Amino acid sequence: MSKLSTLAELWQFLKVRKKWWLAPILIMLLLFGGRIILTKESALAPFIYAIF
């Protein structure tokens, strides 16, 4: 099962069940997860951790 099919299935769930309030939560989780992955090995990590 590919990641794209999982995202498509999630989109169908949101559309059919009218669970639009979940969309901002999922978007924020994806953004934070992507930021963690991208800054894990970079020199920017200490600056990002200082913000929080």
Side-chain angles (χ1 to χ4, degrees):
M1 189 171 184
S2 71
K3 291 180 183 181
L4 292 177
S5 65
T6 303
L7 290 175
E9 186 176 339
L10 180 61
W11 177 253
Q12 287 295 332
F13 172 79
L14 291 175
K15 197 164 68 170
V16 170
R17 306 265 188 202
K18 307 278 194 258
K19 302 283 185 183
W20 296 115
W21 57 272
L22 286 173
I25 296 169
L26 294 173
I27 291 169
M28 291 305 294
L29 284 173
L30 287 172
L31 288 174
F32 281 127
R35 189 175 73 184
I36 288 170
I37 290 170
L38 291 175
T39 60
K40 185 177 178 182
E41 305 270 339
S42 80
L44 293 176
F47 299 111
I48 291 175
Y49 292 130
I51 292 173
F52 298 106

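We're numbering straight along the sequence, starting at 1. What you are looking at is a predicted structure, and each value in this text was computed from that prediction instead of being measured.
Residues L14 and L29 share a hydrophobic cluster, clusters being chains of Ile/Leu/Val/Met/Phe/Trp/Tyr side chains in contact below 4.5 Å. Linking ILVMFWY side-chain heavy atoms closer than 4.5 Å, directly or via other members, places F32 and I27 in a single hydrophobic cluster. Hydrophobic clustering, with ILVMFWY side chains joined whenever heavy atoms are under 4.5 angstrom apart, keeps M28 apart from W20. Linking ILVMFWY residues whenever their side-chain heavy atoms come closer than 4.5 Å, directly or via other members, places L26 and W11 in the same cluster.
Other residues, nucleotides and ligands contribute only 12 or fewer heavy atoms inside 6.0 Å of the CH2 atom of W21.
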query: Under the side-chain contact (heavy atoms from CB on, under 4.5 Å) criterion, do K15 and F13 qualify, and how do the steps go?
result: CA-CA 5 Å; K15 197 164 68 170; F13 172 79; over 6 Å; no
